[in-house]
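Here the structure is laid out as structure tokens; the discussion comes afterwards.
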Amino acid sequence: MMQRLLAVAVALLLLAGCATQTRALLAAPRTGPQQQELVATPFYAQERYQCGPAALAMVLGAAGISKSPDSLVGEVYLPGREGSLQIELQAAGRRHGALTTRIAPSMQALLAELDAGHPVLVLQNLSLPILPKWHYAVVIGYDIGSAEVILRSGTTRRMTMPLSTFENTWARSGFWGLVALPPGELPATASLATLQPDLIAYEAAVPPQSALLSYRAALQRWPNTLPLQLGLGNSAYAAGDKAAAAEAFRSVTVAHPSHGAAFNNLAVVLGELGQLDEARAAAQAAVDLGGAWRDEARATLLSLQKQASRP
């Protein structure tokens, strides 16, 4: 009898909590859908200690990247911890071609990503804060009318959970949520500050054409953003499209005329395209701007002058 009373007490503690976001969500007039379920999201039963690889395989599958949990275990599973760390999950997703990025830490952001067609990999603590039981699941839907969230979780293909309970278990991870998206698709809710470093990491991990698509999409949302413009130019150059790279770097010099690196990059690409007059003008502009790039710009200018003097 005592064990049953203790079990009930623990259950009540788990369900307790403010769940303030859920209350606000249900109380406010909703302009979006009342329910959503991404039924095409694949399901992999999560074996003991391997919920991270299975959850990652599910969101990758939803992005069109087919990977089995077993193929991901070596990349993300840490035997010493009997689980996976968030940083490994995000890096592994990038290595397999998905743009992986955090969503804004809120219930509203979670629903917005689902409405955009993006299942969300979340980290929950299914026990008490003092005795955590960490668990990765994939949120695939919600129902405002019944105040429930729908998950791929554990060995259950379609698990429903009260929104308030979900909020409490999710809040214990700091509302950590991750989306994995195909090239050229962006999260609905990520801020530029969050997405920008993830795009740079993505550029380093994937073929340049994939990075190019994602930088173009980002610049449509945040035009004239310097790191995004430079990333676009670098990706175009790495993809072998020097004309597109020149256009990208030229646009940086217009939007950010004091940025010497952009003028130097433009000079290098134009020189390789044989447009020597414009290349020398860009290199001279980089030299005149001074700063950390002056020596490299001088070297570029000298190289261009030698190139122009050849018969």
Side-chain angles (χ1 to χ4, degrees), residues 40-42 56-68 71-72 75-76 87-103 113 116-119 121 178-256 259 261-275 279 282:
T41 304
L56 180 60
M58 287 187 257
V59 293
L60 286 176
I65 302 167
S66 180
K67 293 291 174 182
S68 69
S71 71
L72 297 170
E75 296 185 61
V76 303
I87 191 169
E88 274 82 14
L89 292 173
Q90 188 165 0
R94 283 196 296 263
R95 284 195 295 271
H96 292 289
L99 173 62
T100 51
T101 190
R102 290 277 306 274
I103 70 167
E113 293 299 338
H118 306 152
L121 195 165
L178 182 80
V179 292
L181 305 174
E185 191 167 342
L186 300 182
T189 61
S191 67
L192 176 60
T194 300
L195 187 61
Q196 190 169 284
D198 290 339
L199 277 169
I200 293 171
Y202 184 61
E203 177 190 346
V206 299
Q209 190 61 41
S210 295
L212 193 62
L213 292 172
S214 293
Y215 274 124
R216 282 175 175 158
L219 281 165
Q220 287 181 350
R221 189 179 296 185
W222 296 288
N224 296 328
T225 301
L226 177 59
L228 300 182
Q229 289 177 303
L230 290 173
L232 179 68
N234 292 336
S235 298
Y237 184 82
D241 191 344
K242 294 181 181 180
E247 184 57 33
F249 291 134
R250 188 179 287 108
S251 70
V252 183
T253 66
V254 172
H256 306 277
H259 197 271
F263 280 98
N264 185 69
N265 289 358
L266 177 60
V268 170
V269 177
L270 289 174
E272 293 180 4
L273 288 171
Q275 300 174 30

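This chain uses plain numbering: 1 for the first residue, then up along the sequence. Side chains included, hydrogens not; waters and symmetry mates left out as well; all remaining heavy atoms used.
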Q.
Quick one, His259 with Thr253, criterion side-chain contact (heavy atoms from CB on, under 4.5 Å). Give me CA distance, side-chain angles, the key distance, then yes/no.
A. CA-CA 7 Å; His259 197 271; Thr253 66; over 6 Å; no
**Q.** Check: Leu121 and Thr100 side chains under 4.5 Å, non-hydrogen atoms
**A.** no
Q: Nearest 0.5 Å please: distance from the OH atom of Tyr215 over to the OG1 atom of Thr225.
A: 11.5 Å
(Q) To the nearest 0.5 Å, what is the distance between CG on Leu72 and CZ on Arg95? (A) 9.5 Å
Q: Take Leu192 and Leu228 through the test side-chain contact (heavy atoms from CB on, under 4.5 Å) and record every step on the way to the result.
A: CA-CA 10 Å; Leu192 176 60; Leu228 300 182; 3.9 Å; yes
Q | Heavy-atom closest pair, residues Thr41 and Met58 | A | CG2-O, 4.1 Å
(Q) Whether the side chain of His118 engages the backbone of Ala62 through a donor-acceptor N/O pair (distance < 3.5 Å, no angle test) should be reported. (A) no
**Q.** Heavy-atom pair with the smallest gap, counting every atom of Gly233 and Ala245
**A.** O-CB, 3.5 Å
(Q) To check you understand the geometry: which heavy-atom pair defines the closest contact between Leu99 and Glu185, and what is its length? (A) CD2-O, 3.8 Å
Q) Step by step, would you call Val268 with Phe249 a side-chain contact (heavy atoms from CB on, under 4.5 Å)? A) CA-CA 10 Å; Val268 170; Phe249 291 134; over 6 Å; no
(Q) Quick one, Gln220 and Leu186 - any side-chain contact, counting heavy atoms below 4.5 Å? (A) no
**Q.** Of all pairs that satisfy salt bridge (charged side-chain N to carboxylate O under 4.0 Å, His left out), the ones with a partner from residues 217-243, not counting sequence neighbours
**A.** Lys242-Glu272
Q.
Keeping Ser214 on the side-chain end and Gly184 on the backbone end, is there a donor-acceptor pair under 3.5 Å?
A. yes
Q: Looking only at non-hydrogen atoms, find the nearest pair between Ala236 and Leu212 and report the distance.
A: N-CD1, 3.7 Å
**Q.** Check: Leu232 main-chain N/O paired with Ser235 side-chain donor or acceptor under 3.5 Å
**A.** no
Q: Tell me, please, which residues at least two apart from Arg250 pass salt bridge (Lys or Arg N to Asp or Glu O under 4.0 Å).
A: Glu247, Glu278
Q) Does the Glu113 side chain pair with the main chain of Ala188, one donor and one acceptor, at a distance under 3.5 Å? A) yes
Q.
Nearest 0.5 Å, please: how far is CG in Leu219 from OG in Ser251?
A. 7.5 Å
Q: I would like to know whether Asn265 and Asn234 meet side-chain contact (heavy atoms from CB on, under 4.5 Å); could you show each step before the answer?
A: CA-CA 9 Å; Asn265 289 358; Asn234 292 336; 4.1 Å; yes
Q. Donor-acceptor pair, Gln275 side chain versus Leu270 backbone, under 3.5 Å?
A. no
Q. Judged by atom type as modelled, is there a donor-acceptor pair below 3.5 Å linking the side chain of Tyr202 to the main-chain atoms of Gly97?
A. yes
Q) Given side chains that start at C-beta, do those of Leu181 and Pro187 come closer than 4.5 Å, heavy atoms only? A) yes
**Q.** Which residues share a side-chain contact (heavy atoms from CB on, under 4.5 Å) with Thr194, sequence neighbours left out
**A.** Thr101, Arg102, Ser191, Asp198
Q.
Looking at every heavy atom in both Leu56 and Ala92, which two are closest together, and how far apart are they?
A. CD2-CB, 3.8 Å
**Q.** Nearest heavy-atom neighbours spanning Pro119 and Val179
**A.** O-CG1, 3.8 Å
